[in-house]
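These notes concern the structure reproduced below.
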Amino acid sequence: MADFTVRPSLADLEEYEVETIDADIIVNANESNYNLPGEVRRDIVAKTAEFAFNRYPPMKCENLCAAIAKSLGIDADKVRVGNGSSELLQMACYAFGGPGRKIAVPYPSFSMYGVYAQMSDSEVLRYPLNVEGYLDAGAVLQFCADNRPDLLIINNPNNPTGNYNPLPVVEKIIAGAGCPVIVDEAYMEFAKGEGVDPRDLRPLDQLKLVAGSALALLYKYSNFLVYKTFSKAYSMAGMRVGYAVGSSLMTGILGKTLLPYHVNAYSLLCAMECYGHRDAFAPQIAEIRSQRDLMAQNLADMGMRVWPSQTNFLCYRPEGRLQEALARAYDKKYGPGNLSQASKAGKFLFKYMLEQKVLLRDFTEHPALQGCIRESIGLPEENGIILSKLRNICREILGSEAI
């Protein structure tokens, strides 16, 4: 067989993988466990009957770009749509990165940032978040001054820790970074951020859409893009649609990397219906927020450290005597191995929940998040089952020191 070679930047790159099992409750991928609201589904079904499967989609997703732009009170050329925000992240790395160029990504954060940067033959620079998972604006700006990246990526709220960074923190970074900035706001709909530019004279309904988001800075800076997705708050992970908003300069550069007809027409149809019915999602977004806070309190009462979250997921790990007891249980069941105590404790819970047909996300061996589990917020009844199973195993492991 002939030998084949690939670009050096891809040689050591591993395919992205997550656990996939036949689980009863799936809360590992930060999807919404809520399907589309009934009125949205009905409209999509009605339009499907007359859908022109034989025609190409709008070449540059002009229909959805126009709808998003109208809602924000901006020109349509300030919006670009992609196959999930992931495609747009990858394309931005191609646009602003490349051989001899540097892309700065947060750590710990979404692992694919580094992958996209590496795929573009860029040098990957990882700047640290603080111990709680928040951005330190001064430290980020010093990092930029020392390393001079060609592109800086911010994740707000941050995945996998869930932290929301207030608008003034993000603005300070955008203003002083000295390079293009991407603000990935995949989970912003679950945050309760505040703040707009007092000089922004757009109508109140448009200002409400951007409050607390870097979208509120569109009239002040031209060096950044805000990324949004339909996969989280809008229950459309299966359709793969996301979008970027920024200055005409930034979206023009991003647009050069996008192929014609790159988003399929049916996904655009569904996204148009969802975006036109944004208010229909408000009740389930509010319920996810409420369930998240309730889940966080219950986990803390069990003896977990829970990261502060303004997303549709929680990051947590066993601490103290619970961690010690779970680590001992891991050794007894799986052998001592080389994991840290924190990793053993988290891994025991993860494996136990797998046996119970509950799929969580395993971060237990992550260097900066040892022992951590990430859990998407499911339906109320699913959340109740998860809490019951976790509480029962923790009680069993602790014995007389019951929770």
Side-chain angles (χ1 to χ4, degrees), residues 65 68-69 72-82 85 87-98 100-106 109-110 113 116-117 120 122-127 129 135-158 165-186 188 193 195-200 202 209-229 242-258:
C65 288
I68 293 168
L72 296 174
I74 60 176
D75 295 332
D77 68 350
K78 291 181 168 61
V79 183
R80 289 290 184 271
V81 171
S85 53
E87 181 188 32
L88 298 174
L89 283 164
Q90 181 183 8
M91 293 301 105
C93 289
Y94 288 146
F96 297 103
R101 298 172 69 83
K102 305 172 184 177
I103 297 178
V105 304
S109 192
F110 183 39
Y113 295 146
Y116 297 143
S120 69
S122 307
E123 180 182 351
V124 184
L125 306 176
R126 290 182 170 83
Y127 65 89
L129 305 176
L135 288 165
D136 180 328
V140 174
L141 292 179
Q142 187 60 56
F143 182 93
C144 290
D146 293 341
N147 295 278
R148 298 185 179 277
D150 297 283
L151 176 68
L152 174 73
I153 299 176
I154 294 171
N155 189 198
N156 190 39
N158 186 58
N165 297 275
L167 184 59
V169 174
V170 176
E171 179 174 5
K172 185 175 180 180
I173 295 171
I174 290 172
C179 68
V181 178
I182 289 173
V183 186
D184 182 0
E185 294 186 349
M188 185 60 75
V196 295
D197 181 356
R199 297 170 296 179
D200 192 336
R202 285 179 291 175
L209 275 178
V210 305
S213 160
L215 289 172
L217 307 174
L218 285 176
Y219 289 99
K220 294 182 72 173
Y221 307 97
S222 61
N223 66 318
F224 74 99
L225 290 165
V226 181
Y227 279 30
K228 298 282 191 175
T229 182
Y243 61 97
V245 183
S247 67
S248 299
L249 170 65
M250 292 289 287
T251 57
I253 294 171
L254 181 62
K256 292 180 180 182
T257 68
L258 300 173

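Hydrogens, waters and symmetry mates are skipped; everything else that's a heavy atom, side chains included, is used.
- The shortest non-hydrogen separation linking Cys65 to Ala76 is CB-O, 4.2 Å.
- When the side-chain hydrogen bond (donor to acceptor under 3.5 Å, both in side chains) test is applied to Asp136, no partner is found at least two apart in sequence or on another chain.
- At distances below 3.5 Å, at least one donor-acceptor pair connects side-chain atoms of Thr251 with backbone N or O atoms of Asp77.
- In terms of heavy atoms, Ala117 sits closest to Cys93 at N-SG, 3.8 Å.
- Side-chain atoms of Asn156 come within 3.5 Å of backbone atoms of Asn165 as a donor-acceptor pair (strictly under, hydrogens ignored).
- Qualifying side-chain contact (heavy atoms from CB on, under 4.5 Å) partners for Arg101, counting only residues two or more places apart in sequence or in other chains: Asp150.
- Scanning both residues, Tyr227 and Ile182, for their nearest heavy atoms gives OH-CD1, 3.7 Å.
- Here Ile253 pairs with Ala95, Phe96, Leu249 under the side-chain contact (heavy atoms from CB on, under 4.5 Å) rule; sequence neighbours left out.
- When the side-chain hydrogen bond (donor to acceptor under 3.5 Å, both in side chains) test is applied to Ser109, the partners found at least two apart in sequence or on another chain are Asn155, Asn158.
- By the salt bridge (charged side-chain N to carboxylate O under 4.0 Å, His left out) test, Asp75 pairs with Lys78, sequence neighbours left out.
- Contact of the Tyr127 side chain with the Leu152 side chain is registered, since non-hydrogen atoms from C-beta on lie closer than 4.5 Å.
- Once rounded to the nearest 0.5 Å, the distance linking CE of Met250 with CZ of Arg80 reads 12.0 Å.
- Residues Leu88 and Leu258 are in side-chain contact: their nearest non-hydrogen atoms beyond the backbone lie under 4.5 Å apart.
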When the side chains of residues 170-180 are checked against the rest of the protein, which donor-acceptor pairs come out under 3.5 Å, sequence neighbours left out?
unit_1: Glu171; atom_1: OE2; unit_2: Lys220; atom_2: NZ; d: 2.7
unit_1: Glu171; atom_1: OE2; unit_2: Tyr221; atom_2: OH; d: 2.7

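- The salt bridge (charged side-chain N to carboxylate O under 4.0 Å, His left out) check on Lys102 picks up nothing, with sequence neighbours excluded.
- Contact record, Val226 with Ala214: CG2-CB, 3.6 Å, taken as the closest heavy-atom pair.
- Under the side-chain contact (heavy atoms from CB on, under 4.5 Å) criterion, Ser122 pairs with Ile103, Ser120, not counting sequence neighbours.
- A 4.5 Å side-chain heavy-atom check between Leu167 and Leu217 finds at least one atom pair inside the cut-off.
- Evaluation of the salt bridge (charged side-chain N to carboxylate O under 4.0 Å, His left out) rule for Glu87 yields no partner, not counting sequence neighbours.
- Partners of Tyr116 under the ring-ring contact (aromatic ring centres under 6.0 Å, His included) rule, at least two apart in sequence or in another chain, do not exist in this structure.
- In this structure, CE on Met188 lies 5.0 Å from OG on Ser213, to the nearest 0.5 angstrom.
- The side-chain hydrogen bond (donor to acceptor under 3.5 Å, both in side chains) analysis of residues 174-184, with sequence neighbours excluded, yields the pairs Tyr113-Asp184.
- Here Glu185 contributes atom CD and Leu215 contributes atom CG; the two are 5.5 Å apart, rounded to the nearest 0.5 Å.
- In this structure Tyr94 satisfies the side-chain hydrogen bond (donor to acceptor under 3.5 Å, both in side chains) test together with Gln90, sequence neighbours excluded.
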